[in-house]
2 protein chains.
Amino acid sequence: MSAMRTYQHPDLATVTIEHALHALSDPVRLDIVRQLDREIEASCAALDGGRPKSSMSHHFRVLRAAGLVHTRIAGVQHMNTLRREEVDKRFPGLLDAVLGVKG
Amino acid sequence: MSAMRTYQHPDLATVTIEHALHALSDPVRLDIVRQLDREIEASCAALDGGRPKSSMSHHFRVLRAAGLVHTRIAGVQHMNTLRREEVDKRFPGLLDAVLGVKG
DNA sequence: CCTATAGTTCGATTATATACGTACTATCAT
DNA sequence: ATGATAGTACGTATATAATCGAACTATAGG
């Protein structure tokens, strides 16, 4: 039996701004989003910063549920990307604002 | 003896984007921010939507701590405003993005 | 001075998140 | 098949946050 051949990614229309803000308000997740903004695509392990796999898995799940990250399965790795265009369409300017902050 | 003659409002430079996002991610607080964006200035009671005073006081405290809201004491009322300019300077585009969302 | 009003503070409860070890699943290489 | 690798799922512990009643503080008005 096979679970996890592919992921469910929510329609951005069903994601509230509160939901998105909450997902972005965690330092670990914000860091993931920042890296995906730069690196375009990365495996979970590439972004873990030494944190345990189960913790990272949790954060990726939250990011997916908030419509922010897309994950595709590529062999043994799960490659993540920012859902830039869709997020920008649903929440114009949000990612620019969040990712543009220094300090 | 007198506490509470005036409020402490943090310098925006000390507020992180995570902190601001967290403050905005709560529905009650986001609603407060939305109303302040329209009404310019309002007392706590004017924005309570029927919720208990102690709950509202908590949310205003979080908003103040995140540098988003300024409160001045005017007699028996505490009048709140959005710290628009300062927040815009620290997090350009954030409030526009958050307040501009429909649905 | 007494009372009403607007908010705060305290404290307890409950809900929601985070963190992460362990066990499990899927894929790939040998 | 075996073993290695990447990540998920589950369970539990812990931390953080929301809710709100009750007691308190400050101000205004009679």
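Every chain is numbered from 1 and lettered A, B, ... according to where its sequence line falls, protein lines coming before strand lines.
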Student: Mind checking whether A:Leu63 and A:Met56 sit in one hydrophobic cluster, side chains of I, L, V, M, F, W, Y counted as touching below 4.5 Å?
Tutor: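 Yes, same cluster.
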Student: Compare all side-chain heavy atoms of B:Arg29 with those of B:His22 and state whether any distance is below 4.5 angstrom.
Tutor: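 A side-chain contact under 4.5 Å exists here.
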Student: Give the rounded distance in Å between these two atoms: CD1 of A:Ile32 and C1' of D:dG7.
Tutor: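 Spelled out: CD1 on A:Ile32 to C1' on D:dG7 is 13 Å.
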Student: Round to the nearest Å and state the distance from B:Arg5 atom CZ to D:dA26 atom P.
Tutor: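 Taking atom P of D:dA26 as the reference, CZ of B:Arg5 is at 7 Å.
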Student: List for me each residue that meets salt bridge (Lys or Arg N to Asp or Glu O under 4.0 Å) alongside A:Glu18, sequence neighbours excluded, and say none if there are none.
Tutor: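 By the salt bridge (Lys or Arg N to Asp or Glu O under 4.0 Å) rule, A:Glu18 matches no residue at all.
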Student: List the atom pairs, with distances to 0.1 Å, where a side-chain N or O of residues 90-99 of chain A and a protein N or O form a donor-acceptor pair under 3.5 Å, not counting sequence neighbours.
Tutor:
| from | atom 1 | to | atom 2 | distance (Å) |
| --- | --- | --- | --- | --- |
| A:Arg90 | NE | A:Leu12 | O | 3.0 |
| A:Arg90 | NE | A:Val15 | O | 3.3 |
| A:Arg90 | NH1 | B:Lys102 | O | 3.2 |
| A:Arg90 | NH2 | A:Val15 | O | 3.0 |
| A:Asp96 | OD1 | A:Arg84 | NH1 | 3.3 |

Student: Write down the distance between CG (B:Leu47) and C1' (C:dA6), rounded to a whole number of angstrom.
Tutor: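 About 13 Å, once rounded to whole Å.
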Student: Please report the distance, rounded to the nearest Å, between NE2 in B:His78 and P in D:dA28.
Tutor: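 Nearest whole value for this atom pair: 11 Å.
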Student: How would you summarise protein contacts on nucleotides 16-23 of chain D per nucleotide, using B for base, S for sugar-phosphate only and - for none, with heavy-atom distances below 4.0 Å?
Tutor: -SSBBBB-
Student: B:Ile32 and side chain to side chain contact (heavy atoms under 4.5 Å, CB included): which single residue from B:Asn80, B:Leu82, B:Leu47, B:Asp26 fits?
Tutor: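 For B:Ile32, the side chain to side chain contact (heavy atoms under 4.5 Å, CB included) check succeeds only for B:Leu47.
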Student: Rounding to a whole Å, what distance do you find between B:Ile73:CD1 and C:dA6:C1'?
Tutor: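 Atom-to-atom, B:Ile73 to C:dA6, this comes out as 10 Å.
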Student: Measure CD/B:Glu18 against C1'/C:dT18 and give the value in whole Å, please.
Tutor: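 It works out to 15 Å between those atoms.
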Student: Treat each ILVMFWY residue as a node, draw an edge where side-chain heavy atoms are under 4.5 Å apart, and state whether B:Val101 and B:Ile17 are in one component.
Tutor: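 Linked within one cluster.
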Student: Among residues 37-46 of chain B, which contact DNA chain C at a heavy-atom distance under 4.0 Å?
Tutor: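 Those residues are B:Ser43, B:Cys44, B:Ala45.
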Student: Reckon A:Tyr7 has a side-chain N or O less than 4.0 Å from the OP1 or OP2 of D:dG7?
Tutor: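 Indeed not, no polar side-chain atom of A:Tyr7 lies that close.
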Student: Nearest-Å distance, CZ (A:Arg72) to P (D:dA6)?
Tutor: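 Rounding to the nearest Å, CZ of A:Arg72 and P of D:dA6 are 16 Å apart.
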Student: Under 4.0 Å between a side-chain N or O of B:Arg61 and OP1 or OP2 of C:dT9?
Tutor: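 Checking B:Arg61 against C:dT9: at least one side-chain N or O falls below 4.0 Å of OP1 or OP2.
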Student: C:dT18 C1' sits how many Å from A:Leu30 CG, rounded?
Tutor: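 Going from A:Leu30 (CG) to C:dT18 (C1'), I get 16 Å.
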Student: Assigning hydrophobic clusters by single linkage (Ile, Leu, Val, Met, Phe, Trp, Tyr; side-chain heavy-atom cutoff under 4.5 Å), is A:Leu21 placed with A:Val33?
Tutor: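 Linked within one cluster.
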Student: Who passes side chain to side chain contact (heavy atoms under 4.5 Å, CB included) against A:Glu41, sequence neighbours left out?
Tutor: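 Result, side chain to side chain contact (heavy atoms under 4.5 Å, CB included) vs A:Glu41: A:Arg72, A:Met79, A:Thr81.
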Student: Just to be sure I understand the rule, does A:Arg64 reach a base, reach only the sugar-phosphate, or reach nothing, if contact means heavy atoms closer than 4.0 Å?
Tutor: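 Counting heavy atoms under 4.0 Å across all strands, the contact made by A:Arg64 is with sugar-phosphate only.
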Student: Ring pair (Phe, Tyr, Trp, His ring centres under 6.0 Å): which pairs involve residues 51-82 of chain B, sequence neighbours left out?
Tutor: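 Qualifying pairs: B:Tyr7-B:His78, B:His9-B:His70.
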